[in-house]
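Report on one structure; see the data block that follows.
Just so it is clear, the values below take in all heavy atoms, side chains as well, and ignore hydrogens, waters and symmetry mates. Because the structure is a prediction, the values reported are computed rather than measured. So you know, we letter chains A, B, ... as the sequences are listed, proteins then strands, and number each from 1.
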There are 2 protein chains.
Amino acid sequence: MQAPDLKMSEKEKKILDAAIAVISEKGFSAASTSEIARQAGVAEGTIFRYFKTKKDILRGILIHLGNVIAELLVVYGLKKILYQDGREDLRAGIKLVLKDRMAMIDAVFPMLRIVITEAMYHEDIRQILYDKIISRSVEVFEEYHREMVEKGLMKREIDAVVAGRGILGNLVLFFVYRNLFGPMIQLDDYDRELDQVIDAIMYGIAIPAVGDKK
Amino acid sequence: MQAPDLKMSEKEKKILDAAIAVISEKGFSAASTSEIARQAGVAEGTIFRYFKTKKDILRGILIHLGNVIAELLVVYGLKKILYQDGREDLRAGIKLVLKDRMAMIDAVFPMLRIVITEAMYHEDIRQILYDKIISRSVEVFEEYHREMVEKGLMKREIDAVVAGRGILGNLVLFFVYRNLFGPMIQLDDYDRELDQVIDAIMYGIAIPAVGDKK
DNA sequence: ATGTTGAGTGAGTAATCACTCATTTTTGTG
DNA sequence: CACAAAAATGAGTGATTACTCACTCAACAT
């Protein structure tokens, strides 16, 4: 349950950091080991003392992300926010989570971009991603969802997976829209837009017909 | 306004198809021009008659996707479904759109995967993606949203962009969950899950408090 | 002092890359 | 059929790639 990253030597950490920077900039295939070495301030041969192959570096990044993010941020962060601040007030809880997650995604975006990209192409990477991050996040949210349903704050008839995916889907597109396409479009006020997103998540975009309660 | 793809020679089309297949399989940087040529059944030199550089092939794929998808599918498809079948019944309209889009994403996934991946790394690719596909889709949805608001079926206080992004976000994660992580998880019945997704989109995941109508 | 160890090095290696161009093949025209 | 123009070819090019390995040298033990 503890992070196995701790047994990383200082040099290994420097190589990993450099690898994250370079690969996140150019993509895995376009990133050369020589540039990673230069950025890390070590000889190229040194890299292969710590990572047998280039693909092993990618695995190292994934594991690193899994440990740092999944353990420290996803689980701990979600639990703290949802259970402490968002226990009574669903709207406040969701808003906190969304803001928190936006900042988090921003912070780990270099790593995240690498992992997402490679997960699109390689099943083995996808499997690690699922085991290390997704499945655990689902567990946490399921617990929260169960409690909210019991409290009468969330709909019982919508599964936790569907509900959680809805939140995440809105969050992801919100992030993409703002951070990737931001320069190309006129952006609305951040908080105003976020409030709308939360409204959409919580109460939907449709006006219920009089006869059609569900 | 007509698709400039029509002036594509048969050989150019073959090269483009091969490029899509190979690049979608291994990623842009890892895909070699020699393999694309082999797959297309032409000499390597021939590729560079039609595309000045390798990056031009990528641009070609983008343009192709822009023409085929944006014109033919996004605009036509959305309009047809939303205006003919979904004009009166929002739920039926959204369900048709979602099912239709799922099939569409499935069909163009090879191309889409290339574009999404490269868009994450290159601003110029992102710009083309925005101009060719996103901005047009937004326009179409904005028109639909305006009409639905006038009819009293959609909430006025939620912007078209937020609403559309909510739908798309749900759709994207639904697709990813099923098609990318499908093999790793126990999948629910497709239609049952889709109905839940639509419920979440239309009416949200929260139960409104008695005093908190909004 | 001397010996042993192993982390660190960087020139070297074969393979592969995107791209070129002299040559050949195909096509269109009178 | 003859001829010119266009299209297609694939061996060749220099650059770059992931990875290797013979070597260096600081840090310790004896």
Next on the checklist: Does B:K54 qualify as a cation-pi partner of B:F28, given the criterion of NZ or CZ under 6.0 Å from the six-membered ring centre and within 45 degrees of its axis?
Outcome noted: yes
Next on the checklist: Rounded to the nearest 0.5 Å, what separates atom CG in A:D106 from atom CG in A:N179?
Outcome noted: 5.0 Å
Item to check | Side-chain donor-acceptor contact under 3.5 Å, A:S24 with B:Y121 | outcome: no
Item to check | Minimal non-hydrogen separation, A:A31 against A:V22, with atom names | outcome: CB-CG1, 3.7 Å
Checklist entry - How many Å lie between CD on A:E12 and P on C:dA7, as a whole number? => result 12 Å
Item to check | Between P of C:dA18 and CZ of B:R38, the distance in whole Å | outcome: 12 Å
Item to check | Distance under 6.0 Å and angle within 45° of ring axis: A:R165 vs B:F174 | outcome: no
Checklist entry - Can you tell me how far C1' of C:dA18 sits from CG of B:L58, to the nearest Å? => result 15 Å
Next on the checklist: Can you measure B:I47 atom CD1 to C:dC21 atom P for me and round it to whole angstrom units?
Outcome noted: 18 Å
Next on the checklist: Rounded to whole Å, how long is the line connecting atom NZ of A:K11 with atom C1' of C:dT9?
Outcome noted: 10 Å
Item to check | Phosphate OP1/OP2 of C:dA7: any A:Y50 side-chain N/O under 4.0 Å | outcome: no
Checklist entry - Which letter, B, S or -, goes with each nucleotide of nucleotides 16-22 of chain D from 5' to 3', with contact meaning a protein heavy atom under 4.0 Å? => result -SBBB--
Next on the checklist: Is it the case that the side chains of B:E44 and B:T33 hold a donor-acceptor pair, with the cut-off being a distance below 3.5 Å and no angle test?
Outcome noted: yes
Item to check | Distance, rounded to the nearest Å, where B:K14 contributes NZ and D:dA7 contributes P | outcome: 16 Å
